[in-house]
Amino acid sequence: VQLQAFGGGLVQPGGSLRLSCAASGDISTIHAMAWYRQGPGKERELVANINGIGRTDYADSVKGRFTISRESAENTVYLQMLSLKPEDTAVYHCNVQGFYSKYPYTDFNSWGRGTLVTVSS
């Protein structure tokens with residue numbers, strides 16, 4: 001399963017960005033999609049996730065500012081980011097978990113390469 005993320009860039013504090021990540025390959029079902037981020041000198045942290053029935057969870061630091069959503073037909077997950085702060089600067093990675101549609105029909109846990117978000121004036 002391959003993931004391709006788009007949408008990173010440079011934005012001023014208070015600005016907004018929308019990240020997207022499309023999964024492709026031998027996918028039967030996807031039961032969870034998520035965004036993680038790793039800032040300079042920091043550990044990777046979970047930003048937001050969404051499960052198969054649309055339930056969402058967010059890190060406290062982004063609640064009320066970020067919104068995760070998914071387009072199931074396109075195997076795509078989005079992250080709408082508003083009111084961005086310098087501390088949101090990080091490489092954002094998408095993560096997708098599901099089941100293969102071909103042998104070995106097992107579950108998979110795939111990571112995207114990451115897209116850089118820089119919040120600076």
Side-chain angles (χ1 to χ4, degrees):
V1 174
Q2 297 80 42
L3 303 183
Q4 195 163 15
F6 300 94
L10 173 64
V11 63
Q12 292 187 340
S16 61
L17 281 175
R18 188 188 193 213
L19 307 182
S20 63
C21 176
S24 61
D26 298 327
I27 300 170
S28 174
T29 57
I30 292 176
H31 55 75
M33 307 180 91
W35 288 95
Y36 287 75
R37 69 184 180 187
Q38 186 166 16
K42 297 182 181 179
E43 302 275 327
R44 182 177 291 189
E45 63 172 347
L46 175 66
V47 177
N49 60 28
I50 183 167
N51 69 9
I53 58 172
R55 177 178 175 176
T56 58
D57 280 309
Y58 296 91
D60 287 342
S61 59
V62 306
K63 281 181 182 175
R65 299 188 298 122
F66 291 11
T67 302
I68 188 170
S69 61
R70 62 185 286 182
E71 176 56 60
S72 297
E74 301 290 333
N75 290 334
T76 300
V77 62
Y78 303 96
L79 186 68
Q80 179 68 55
M81 304 184 292
L82 304 176
S83 303
L84 283 160
K85 304 175 181 180
E87 50 264 43
D88 295 318
T89 295
V91 176
Y92 285 71
H93 299 267
C94 59
N95 172 260
V96 175
Q97 299 174 45
F99 292 93
Y100 288 109
S101 61
K102 295 183 178 179
Y103 182 86
Y105 302 105
T106 56
D107 58 332
F108 66 82
N109 184 356
S110 294
W111 290 88
R113 222 180 246 188
T115 183
L116 176 62
V117 172
T118 303
V119 184
S120 175
S121 55

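Note that the structure is a prediction, hence the values are computed from the model and not measured.
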Within one Ile-Leu-Val-Met-Phe-Trp-Tyr cluster: Val91 and Val62, side-chain cutoff 4.5 Å: no
Does any pair with a residue in residues 73-86 pass side chain to side chain donor-acceptor pair (under 3.5 Å), and if so which ones, sequence neighbours excluded? none
Does any pair with a residue in residues 48-66 pass salt bridge (charged side-chain N to carboxylate O under 4.0 Å, His left out), and if so which ones, sequence neighbours excluded? Asp60-Lys63, Arg65-Asp88
Residue pairs, two or more places apart or on separate chains, that pass salt bridge (charged side-chain N to carboxylate O under 4.0 Å, His left out) and touch residues 109-121: none
Not counting sequence neighbours, which residues clear side-chain hydrogen bond (donor to acceptor under 3.5 Å, both in side chains) with Lys102? List them please. none
Please enumerate all residues that pass side-chain hydrogen bond (donor to acceptor under 3.5 Å, both in side chains) together with Ser61, with sequence neighbours excluded. Arg37
Atom pair [atom1]/[atom2] of [X] and [Y] - distance to nearest 0.5 Å:
| X | Y | atom1 | atom2 | value |
| --- | --- | --- | --- | --- |
| Thr67 | Leu82 | OG1 | CG | 6.5 Å |
| Thr89 | Lys42 | OG1 | NZ | 8.5 Å |
| Asn51 | Arg70 | CG | CZ | 7.5 Å |
| Thr115 | Gln4 | OG1 | CD | 10.5 Å |

For Phe6, the other hydrophobic cluster members (4.5 Å side-chain criterion, sorted by chain and number) are none
Give the other cluster members for Tyr105, using side-chain heavy-atom distances under 4.5 Å between Ile, Leu, Val, Met, Phe, Trp and Tyr residues; answer none if it is isolated. Tyr103
Pairs involving residues 32-58, ordered by first then second residue, that meet ring-ring contact (aromatic ring centres under 6.0 Å, His included) (sequence neighbours left out): Tyr36-Trp111
Going through the checks in order, is the side-chain contact (heavy atoms from CB on, under 4.5 Å) test met by Tyr92 and Gln38? CA-CA 7 Å; Tyr92 285 71; Gln38 186 166 16; over 6 Å; no
Tell me every residue that passes side chain to side chain contact (heavy atoms under 4.5 Å, CB included) with Ser110, counting only those two or more places apart in sequence or in another chain. Val1, Leu3, Phe108
Identify each donor-acceptor pair in which a side-chain atom of residues 7-27 lies under 3.5 Å from a protein atom, sequence neighbours left out, and give them as a table.
none

